[in-house]
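The block underneath contains the structure these notes are about, expressed in C-alpha cells.
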Amino acid sequence: MNTSTEQLLENARSHNGFTPEPIPTTTLHQLYELMKWGPTSANSCPARILFVTSTEAKARLLECMAPGNVEKTRQAPVVAIIGMDLAFYDKLPVLSPHNDARSWFAGKPAPLIETNALRNSSLQGGYFIIAARALGLDCGPMSGFDEQRIDKAFWAGSMVKTNFVCCLGHGVDAKLRPRAPRLSFDEACRVV
C-alpha cells in the first residue's frame with residue numbers, strides 16, 4: 001500500500017457519485033483492520049459499523065435518507081452506517097485491562113456515556129475515512145438522514161445509535177463540485 005498526504009487528505013474529495021464497481025468483502029475487512037488501530041480514550045472503541053450492500057438493506061436505508069442524499073446512496077456499492085455503542089464500556093475489561101475503566105461509565109448518567117460514545121466513534125469514523133482512502137476507495141460521508149429511522153431499521157434491539165453514514169466506492173469525478181475553501185490557520189487556530 002503506497003499512500004501519501006495527497007491521497008489521504010490534500011487531493012481526496014467527498015464524492016457524490018459512484019461507479020457500479022463492487023467492493024469485495026475482503027476489502028471491507030482490510031478497511032476495518034486498518035482503522036481499528038486509531039486511538040480512542042481508554043481504548044474504548046465504541047464505533048460499530050454496518051456495511052450495507054444488499055438490495056434489500058439498501059432499499060431500507062434509502063427510505064431513511066434526506067432527498068439530497070438518496071441518489072449517491074443508491075449509487076454507492078457499499079454504504080457504511082457508523083454507529084456508536086452506548087454500552088461500549090462493557091468491552092473495556094478486555095480493551096483497557098490495565099485499569100478499571102468500565103467503572104468510569106457503568107451506572108453513570110447517560111450524558112457522560114453518550115458524549116464519550118459520540119466523541120470516540122467520531123474519531124473512529126475519521127480513521128475509517130482515512131483507511132478507506134488508503135485502500136484506494138472514495139468516500140461520501142454525510143449527515144442528512146432520519147437518525148431514528150435508521151436506528152429502528154438497522155440497530156433495533158441493541159444499544160447502538162447512528163453517528164453518520166458514509167458511501168464507499170470508486171467516485172465519479174464528473175459529479176464533483178468545485179472544491180470548497182477551508183479556513184486558514186489564523187481563522188481556525190491559536191497558539192497560546
Side-chain angles (χ1 to χ4, degrees), residues 1-40 44-85 117-145 147 150-151 153-155 160-182:
M1 175 178 9
N2 182 15
T3 57
S4 68
T5 58
E6 288 87 6
Q7 179 182 344
L8 300 179
L9 294 166
E10 294 170 301
N11 294 333
R13 301 290 304 278
S14 291
H15 279 265
N16 293 307
F18 295 87
T19 71
E21 183 180 344
I23 299 173
T25 302
T26 55
T27 302
L28 302 179
H29 283 265
Q30 286 178 296
L31 194 167
Y32 178 75
E33 291 300 321
L34 283 174
M35 64 86 54
K36 75 179 183 181
W37 297 113
T40 56
S44 57
C45 302
R48 302 295 180 263
I49 304 165
L50 186 65
F51 292 104
V52 177
T53 60
S54 73
T55 303
E56 181 272 328
K58 182 76 72 79
R60 283 189 291 138
L61 181 58
L62 290 172
E63 293 175 359
C64 305
M65 302 307 294
N69 289 331
V70 168
E71 193 52 36
K72 66 181 163 184
T73 303
R74 183 187 328 277
Q75 287 179 6
V78 176
V79 182
I81 303 172
I82 311 297
M84 54 182 174
D85 186 352
L118 178 61
R119 180 178 298 125
N120 288 290
S121 67
S122 295
L123 279 172
Q124 289 184 282
Y127 307 142
F128 177 91
I129 292 167
I130 296 298
R133 289 173 173 175
L135 292 172
L137 297 174
D138 293 307
C139 300
M142 58 188 145
S143 294
F145 52 83
E147 180 181 333
I150 291 181
D151 290 350
F154 293 95
W155 305 115
V160 179
K161 302 293 179 199
T162 302
N163 186 336
F164 70 96
V165 175
C166 187
C167 294
L168 291 173
H170 299 283
V172 177
D173 289 346
K175 293 193 175 189
L176 288 172
R177 294 186 283 270
R179 185 142 206 186
R182 301 298 194 267

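In this chain, numbering begins with 1 at the start of the sequence shown.
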Specify the closest pair of heavy atoms between [X] and [Y], including all atoms of both residues, with the distance to one decimal.
X      : Y      : result
Ala76  : Cys167 : CB-CB, 3.6 Å
Ile49  : Ala80  : CG2-CB, 4.1 Å
Gly171 : Asp138 : N-OD2, 2.7 Å
Leu176 : Ser14  : CD2-O, 3.6 Å

- [ ] Might you work through the side chain to side chain contact (heavy atoms under 4.5 Å, CB included) test for Ile23 and Phe51, ending with a clear yes or no?
- [x] CA-CA 11 Å; Ile23 299 173; Phe51 292 104; over 6 Å; no

Would you indicate whether the side-chain heavy atoms of [Y] and [X] approach each other to under 4.5 Å?
X      : Y      : result
Ile129 : Cys166 : yes
Cys139 : His15  : no
Ile82  : Leu50  : no
Leu118 : Asn163 : yes

Without swapping roles, check the side chain of [X] against the backbone of [Y] for a donor-acceptor pair under 3.5 Å.
X      : Y      : answer
Gln75  : Phe18  : yes
Thr73  : Asn69  : yes
Gln30  : Leu135 : no
Tyr127 : Tyr32  : no

Those residues that, when tested against [X], pass side chain to side chain donor-acceptor pair (under 3.5 Å) (two or more places apart):
X      : result
Arg74  : Glu71
Arg60  : Glu56
Lys58  : none
Thr162 : Asp151, Trp155

- [ ] Show your reasoning for whether side chain to side chain contact (heavy atoms under 4.5 Å, CB included) applies to Leu137 and Leu31.
- [x] CA-CA 10 Å; Leu137 297 174; Leu31 194 167; 4.3 Å; yes

Task: Partners passing side chain to side chain contact (heavy atoms under 4.5 Å, CB included) against Arg177 (at least two apart in sequence or in another chain) - done: Asn16

For the [atom1] atom of [X] and the [atom2] atom of [Y], what is their distance to the nearest 0.5 Å?
X      : Y      : atom1 : atom2 : result
Ile130 : Leu9   : CD1   : CG    : 4.0 Å
Phe145 : Leu61  : CZ    : CG    : 9.5 Å
Thr40  : Leu123 : OG1   : CG    : 7.5 Å
Met84  : Lys161 : CE    : NZ    : 8.5 Å
Cys45  : Asn120 : SG    : CG    : 8.5 Å
Ile81  : Cys64  : CD1   : SG    : 7.5 Å

- [ ] Show the numbers, then the answer: is there a side chain to side chain contact (heavy atoms under 4.5 Å, CB included) between Thr5 and Asn11?
- [x] CA-CA 8 Å; Thr5 58; Asn11 294 333; over 6 Å; no

TODO: For Lys72 and Met65, run side chain to side chain contact (heavy atoms under 4.5 Å, CB included): C-alpha distance rounded to whole Å, both residues' side-chain angles, the deciding distance at 0.1 Å, then the answer.
DONE: CA-CA 10 Å; Lys72 66 181 163 184; Met65 302 307 294; over 6 Å; no

Open item on the list: Please enumerate all residues that pass salt bridge (charged side-chain N to carboxylate O under 4.0 Å, His left out) together with Glu33, with sequence neighbours excluded.
Closed with: Lys36

